[in-house]
There are 2 protein chains.
Amino acid sequence: MTTAPTISDIHTAQRRLESHLHRTPILSSREIDSIAGARLLFKCENFQRTGSFKARGAFNAVLSLPAADAERGVVTHSSGNHAAALALAAKERGIAAHIVMPHTAPAPKKAAVAAYGGRIVECEPTLAARLAAAGAIMAETGAVMIPPFDSRDVAAGQGSCAMELMADATEPLDAITCPVGGGGLLAGTLVAVKETSPEILVIAAEPAAADDAARGFRTGALQPQVLPVATIADGLTTAMSEMTFGVMRRLADQVVTASEGAIIEAMRLIWSRMKIIVEPSCAVPLAAILEGSWDAKGRTVGVILTGGNVDLDRLPWTR
Amino acid sequence: MTTAPTISDIHTAQRRLESHLHRTPILSSREIDSIAGARLLFKCENFQRTGSFKARGAFNAVLSLPAADAERGVVTHSSGNHAAALALAAKERGIAAHIVMPHTAPAPKKAAVAAYGGRIVECEPTLAARLAAAGAIMAETGAVMIPPFDSRDVAAGQGSCAMELMADATEPLDAITCPVGGGGLLAGTLVAVKETSPEILVIAAEPAAADDAARGFRTGALQPQVLPVATIADGLTTAMSEMTFGVMRRLADQVVTASEGAIIEAMRLIWSRMKIIVEPSCAVPLAAILEGSWDAKGRTVGVILTGGNVDLDRLPWTR
C-alpha cells in the first residue's frame, strides 16, 4: 500500500521545487471578505506553472526519481491537470512522458499535454482500457507510473503549497480550506499543517454531488464515488485512495460540501471581484463558506485556489 | 486651458494615494514572452480598487479638493470606470458623488456606481444632454466637476501607476506601453517616465478603428474621433483633450495601432495564459506588440493592464 508523506518529505519537496515552480501569490478581496463575514487569503495556484497545483506533485515525483529509473520515462493515465503537469516535469528533466487519454478527451486538454511535449496514447474511454494501455507502455518501455494522487511523492509535492501559504500569510491563520477529489492535495496539506501548526483547522470541501469524502469521513470507511457524477467541478469526481483517505480520517477537522448553484456563484464571484480566472473545482471551498457549511465567520482562512484551466468558450453561466 | 501635471504633482499624488489604493502587482508569463519575443512585465491595474487605474485619478482629484469645495460634492458625466472610481473616492471622503449617465447605460455599469454609493442622474444618450444635466447639478449643488481625463489632478493620479511600475520592476525597462483613449493615463505616464528616466521609451497604443491619437501624433494637430467608432475596446473611443494631446506630442516616442482581431486575440491570450481577467482596452498594447506595430523584439517592456471590468455574460469570443 502507498505510504503517506511525512513532514520531512514535504520539506524536501519544497527545496526540490523551489527553482522549478512559482511561489504563487496570496490575494484577497475586501468585497468577498464582506460577503463571507471572514478574512479570506487566497493562495493562487491558478498562477502556478501549467495552471494548477498539480505541477507541485508531478515535478516532485519526477525530480525524485533515481537517474536509472528516470531515463526510462514516466507514464500516467489522467486526462486533466496532472497530465499536463507530468508532461512539463518530464520535459524539464529531459525524459519521455507517456500520457494515456481516452480518445474522447476534450481537444484543449490534449493540446495542453502536447504543448508541454507529452506523448499522447489514445484509448477507449473506460478505466479498463486506460489501465491496459498504461500497462502495455510500462511493459514495453519500463516507464515509471506517476499516479495523480495515490503517491507519497506526489502528495508531498502538493503539501508544499500549504507550507508557502502558512509562511507567506501576513495574518495568523485560523483555518485552511482546500477542495478534495482524489485527496492528494488534502493529504499533503494535512501533513504540512498538522505537523507544524496543529492549531490551524483544516477543512476539506467537495461538491455535494460528489460527496464520497464527506460520506467516508462520517462513516469511517472509504467510500466509492456514486456514478454517474454530475458536477461542474470536473476536477473533483475521483474517489479517494486508501492512503489519502487514511490521512484525511486521521487529521482533517471537517469535510464539508457545496451545492452546484453555490459553486457556480462562488466561481463567478472570484472572477468578477478578484479579476482572476479559476476553475469550478477551485470555487468549492468558497462556495462551502458562503453556504455556511462550516463556521468561518470572523476567522482568518487560507483558501487554496487550485487551478485556472477552463475552456473559455464554455463558461458555466453562458452554457 | 487645463494645465499638464508636473512630476511634483505626481510625487504628491503617490503619497496621497498610498493609504487608499493598492500597490498592484507586476506579473509575467514565459509563454507570452516567447510568443512576443520580448520580456513583458504586466502592471496589473485590473486588480486596482474599483477594477481599474481610474481609481488613481479620481482619488487624487477628490482628496486634493479643499474642504470647502469638497463638502459640496463632486459630479461627472462619464459612464465607465471613471464613474465607479469617482463614486468610491467620494464615499471614502464622505461627500456626495453625482454621476450623470445616459438611461441607455448597461445595467452592470449602473450597478457598480450604485454599489460604491454614487447618486445616478439619468439623461438622454447625447453629449448635449449629459453636459446639460451635469451643469444643472453644478448650479444647484455647487458640486465640483471631476472630468475623466482633462484634469491636472486626474492625470497626476494616473501617473502614479508608471512610478510604481518603474520602482517595482525587477529588471531594467527599455520601454513602457499603455493604451490611449482620452489620454489621461498616457499624459501621467509620459510625465512620470520622461521626468525621471527619459531613456525609457513610451509607446501609446490604440485601436486602429479609433486612431485619433495616431493621426494627431502624425499630423501634429489634435484630431476628432471619426464617428461612429466600432471597436471592442470601448474604453478607448474618446478623443483627446488639448492638454493630453500636448503632452503626447511633446513626450511620446511612438503612437501605434492594433487591429480588432489582434485585440481580441491578445485579450484571450492574457486570459488563458496569465489566468487574469482584463478588459478589451487592456489588450491593445499587447496586440500592437504581437502585430509588430513597433519593434519590441528583445526588449524589456512594462505593459500597463488598465482594468478588468468586463461583462462576463458577453465575452468577445462567445458573441
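In what follows, every heavy atom counts, from backbone to side chain, and hydrogens, waters and symmetry copies are set aside. Predicted model only: the values in this text are computed from it and were never measured. Residue numbers start from 1 in every chain, and the chains themselves are labelled A, B, ... in the order their sequence lines are given, proteins ahead of strands.
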Apply the test side chain to side chain contact (heavy atoms under 4.5 Å, CB included) to residues Phe42(A) and Ile26(A): give CA-CA distance (whole Å), side-chain angles for both, the deciding distance (0.1 Å), then the verdict. CA-CA 5 Å; Phe42(A) 294 95; Ile26(A) 295 173; 5.8 Å; no

Kindly compute the distance separating CG (Leu41(B)) from CD1 (Ile304(B)), expressed to the nearest 0.5 Å. 12.0 Å

State, yes or no, whether a side-chain contact exists between [X] and [Y] at a heavy-atom distance under 4.5 Å.
X	Y	value
Val301(A)	Leu173(A)	no
Ile276(A)	Ile277(B)	no
Val74(A)	Leu86(A)	yes
Ile232(B)	Ile264(B)	yes

Considering distance alone, list the donor-acceptor pairs between chain B and chain A shorter than 3.5 Å.
{"from": "Arg268(B)", "atom 1": "NH1", "to": "Asp313(A)", "atom 2": "OD1", "distance (Å)": "2.8"}
{"from": "Arg268(B)", "atom 1": "NH2", "to": "Asp313(A)", "atom 2": "OD2", "distance (Å)": "3.3"}
{"from": "Lys275(B)", "atom 1": "O", "to": "Ile277(A)", "atom 2": "N", "distance (Å)": "2.8"}
{"from": "Lys275(B)", "atom 1": "NZ", "to": "Gly308(A)", "atom 2": "O", "distance (Å)": "3.1"}
{"from": "Lys275(B)", "atom 1": "NZ", "to": "Asn309(A)", "atom 2": "OD1", "distance (Å)": "2.8"}
{"from": "Ile277(B)", "atom 1": "N", "to": "Lys275(A)", "atom 2": "O", "distance (Å)": "2.9"}
{"from": "Gly308(B)", "atom 1": "O", "to": "Lys275(A)", "atom 2": "NZ", "distance (Å)": "3.1"}
{"from": "Asn309(B)", "atom 1": "OD1", "to": "Lys275(A)", "atom 2": "NZ", "distance (Å)": "2.8"}
{"from": "Leu312(B)", "atom 1": "O", "to": "Trp317(A)", "atom 2": "NE1", "distance (Å)": "3.0"}
{"from": "Asp313(B)", "atom 1": "OD1", "to": "Arg268(A)", "atom 2": "NH1", "distance (Å)": "2.9"}
{"from": "Asp313(B)", "atom 1": "OD2", "to": "Arg268(A)", "atom 2": "NH2", "distance (Å)": "3.3"}
{"from": "Trp317(B)", "atom 1": "NE1", "to": "Leu312(A)", "atom 2": "O", "distance (Å)": "3.1"}

